[in-house]
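Written out below as structure tokens is the structure these notes cover.
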Amino acid sequence: MSLARVHNFSISLDGFGTGEGQSQDEPFGHAGERLHGWMFTTGFWHEMTGQAGGTGGLDDAFARQFNDGVGAEIMGAGKFGPPGWHEDPEWKGWWGPNPPFHTPTFVLTHHPRPSIEMEGGTTFHFLDASPAEALETARAAAGGQDVRIGGGPTVIRDFLAAGLVDRMHIVVVPILLGRGVRLLDGLEGIEKDYEVEAVSSPGGVTHVTFTRAGR
């Protein structure tokens, strides 16, 4: 069976995966871009956004695992758009006409709408479903490849709580946000279900990987 994976998900030292006050102008609320600065310098990000250059090394190597073997993505409503996006029939996500997913992408929402086909192979589908139901649907669309659980923190936490995540890569960024949405609240002891490894990069972040035994 294909795996359910989390990649490149950044959290602050105090555990927040996004800030408070998300809006169309501030997708990550008061956190701004501080959680993701480590990735913006990498060669992977520069290539994905059509820029030259970028760094190699450990951060780049981890970032590049984002697409490998992934055939579908699941994301939450808060990743797809700001509060109230479901009331705007023209809203098609933050990423412009060619989103970076290039796979079937399933948005978990209580306000389903018709699917949206974008450039580059991304099609957004809108589901009102449990984590297990969404994963079954995404696996059917992934063509035997893995399913990426793309966030935000509430969605990843729900999949972890349901025992559905096989591999997870989180990036601990040395900042304190103080408020927002934490990734791991209520998941005490979950590390016992995984092999956990941590490695710090020269850029100052720590890459932590969770791999379920046998995966």
Side-chain angles (χ1 to χ4, degrees), residues 1-12 15-18 27-28 31 33 35-49 54-76 78-80 93-95 99-108 120-122 131 134-135 138-139 141-160 162-173 181-184 187 190-191 193-201 203 205-212 215:
M1 182 180 293
S2 66
L3 304 182
R5 298 161 32 189
V6 175
H7 284 287
N8 299 346
F9 194 84
S10 299
I11 63 172
S12 62
F16 292 98
T18 191
F28 294 96
E33 296 185 344
L35 286 170
H36 308 98
W38 70 272
M39 186 165 57
F40 296 153
T41 64
T42 63
F44 163 78
W45 183 262
H46 281 229
E47 290 172 17
M48 192 167 68
T49 56
T55 60
L58 188 65
D59 291 342
D60 185 60
F62 271 105
R64 288 183 183 277
Q65 296 176 23
F66 177 80
N67 286 321
D68 288 349
V70 170
E73 164 143 346
I74 298 170
M75 67 173 65
K79 179 173 178 178
F80 183 72
W94 309 97
W95 306 278
F101 311 108
H102 310 303
T103 65
T105 300
F106 297 88
V107 181
L108 298 181
T122 300
L135 183 56
R139 277 187 167 136
Q145 295 187 291
D146 293 344
V147 176
R148 184 173 52 238
I149 312 300
T154 300
V155 166
I156 294 175
R157 186 169 65 240
D158 288 347
F159 275 78
L160 287 167
L164 297 174
V165 176
D166 299 300
R167 293 178 183 169
M168 178 170 66
H169 165 231
I170 62 175
V171 186
V172 182
V173 181
V181 183
R182 285 193 174 94
L183 174 63
L184 298 172
L187 297 177
I190 198 170
E191 74 281 354
D193 298 329
Y194 295 89
E195 297 176 3
V196 183
E197 298 182 358
V199 57
S200 296
S201 81
V205 302
T206 300
H207 297 273
V208 186
T209 57
F210 295 72
T211 305
R212 193 181 297 280
R215 296 296 193 174

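If you're wondering where the values come from, they're calculated on a predicted model, not measured in any experiment.
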Inset, instruction - For Phe101 and Thr122, run side chain to side chain contact (heavy atoms under 4.5 Å, CB included): C-alpha distance rounded to whole Å, both residues' side-chain angles, the deciding distance at 0.1 Å, then the answer. - result: CA-CA 6 Å; Phe101 311 108; Thr122 300; 3.8 Å; yes
Inset, instruction - Output, in order, the C-alpha distance, side-chain angles, deciding distance and verdict of side chain to side chain contact (heavy atoms under 4.5 Å, CB included) for Glu33 and Phe28. - result: CA-CA 7 Å; Glu33 296 185 344; Phe28 294 96; over 6 Å; no
Inset, instruction - Evaluate the salt bridge (Lys or Arg N to Asp or Glu O under 4.0 Å) criterion for residues Arg5 and Glu73: first the C-alpha distance (whole Å), next the side-chain angles of each, then the deciding distance (0.1 Å), finally the verdict. - result: CA-CA 9 Å; Arg5 298 161 32 189; Glu73 164 143 346; over 6 Å; no
Legend entry - side chain to side chain contact (heavy atoms under 4.5 Å, CB included) evaluation trace for Ile74 with Leu108: CA-CA 7 Å; Ile74 298 170; Leu108 298 181; 3.9 Å; yes
Inset, instruction - Take Phe9 and Val171, measure what side chain to side chain contact (heavy atoms under 4.5 Å, CB included) needs, and give me the verdict at the end. - result: CA-CA 6 Å; Phe9 194 84; Val171 186; over 6 Å; no
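In this view, Leu184 and Leu160, Leu187 satisfy the side chain to side chain contact (heavy atoms under 4.5 Å, CB included) rule, not counting sequence neighbours. By the side-chain hydrogen bond (donor to acceptor under 3.5 Å, both in side chains) test, Asp59 pairs with Ser201, His207, sequence neighbours left out.
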Check residues 62-72 and write down every donor-acceptor pair under 3.5 Å in which the side-chain atom is one partner and the other belongs to a residue at least two apart or another chain.
from  : atom 1 : to    : atom 2 : distance (Å)
Arg64 : NE     : Asp60 : OD1    : 3.3
Arg64 : NE     : Asp60 : OD2    : 2.8
Arg64 : NH1    : Glu47 : OE1    : 3.1
Arg64 : NH2    : Glu47 : OE2    : 2.8

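Closest non-hydrogen pair, Phe210 versus Ile170, comes out as CE1-CD1, 4.0 Å. The heavy-atom pair separating Val155 from Met75 by the smallest distance is CG2-C, 4.4 Å. Smallest separation of non-hydrogen atoms from Pro153 and Val181: CG-CG1, 3.7 Å. Closest approach of Val107 and Gly76 over heavy atoms only: CG1-O, 4.1 Å. Nearest heavy atoms, Arg139 versus Asp166: NH2-OD2, 3.8 Å. The nearest pair of heavy atoms linking Gly78 to Trp94 is O-NE1, 4.3 Å.
Here CG of Leu58 is found 11.5 Å from OG1 of Thr42. Values are rounded to the nearest 0.5 Å. Atoms CG and OG1, on Asp146 and Thr103 in that order, are 11.5 Å from each other to the nearest 0.5 Å. To the nearest 0.5 Å, atom CG of residue Leu164 and atom CZ of residue Arg212 are 8.0 Å apart.
For the residue pair Arg167/His169, the side-chain donor-acceptor check at 3.5 Å is not satisfied. In this structure, a donor-acceptor pair under 3.5 Å is present between the side chains of Thr206 and Ser200.
Counting heavy atoms from C-beta outward, Val173 and Ser12 have side chains that stay 4.5 Å or more apart. In this structure, Met48 and Pro100 have side chains that are in contact, with non-hydrogen atoms separated by less than 4.5 Å. Inter-residue side-chain proximity for Thr49 and Phe44 is flagged as unmet; no heavy-atom pair is nearer than 4.5 Å. The side-chain heavy atoms of Val165 and Tyr194, taken from C-beta on, include a pair separated by under 4.5 Å.
Remark: the backbone N or O of Thr209 is not paired with any side-chain donor or acceptor of Thr211 at under 3.5 angstrom. Of the possible donor and acceptor atoms, none in the side chain of Arg182 sits under 3.5 Å from a partner among the backbone N and O of Gly17. Looking at Ser10, its side chain does come within 3.5 Å of a backbone N or O of Leu35 through a donor-acceptor pair.
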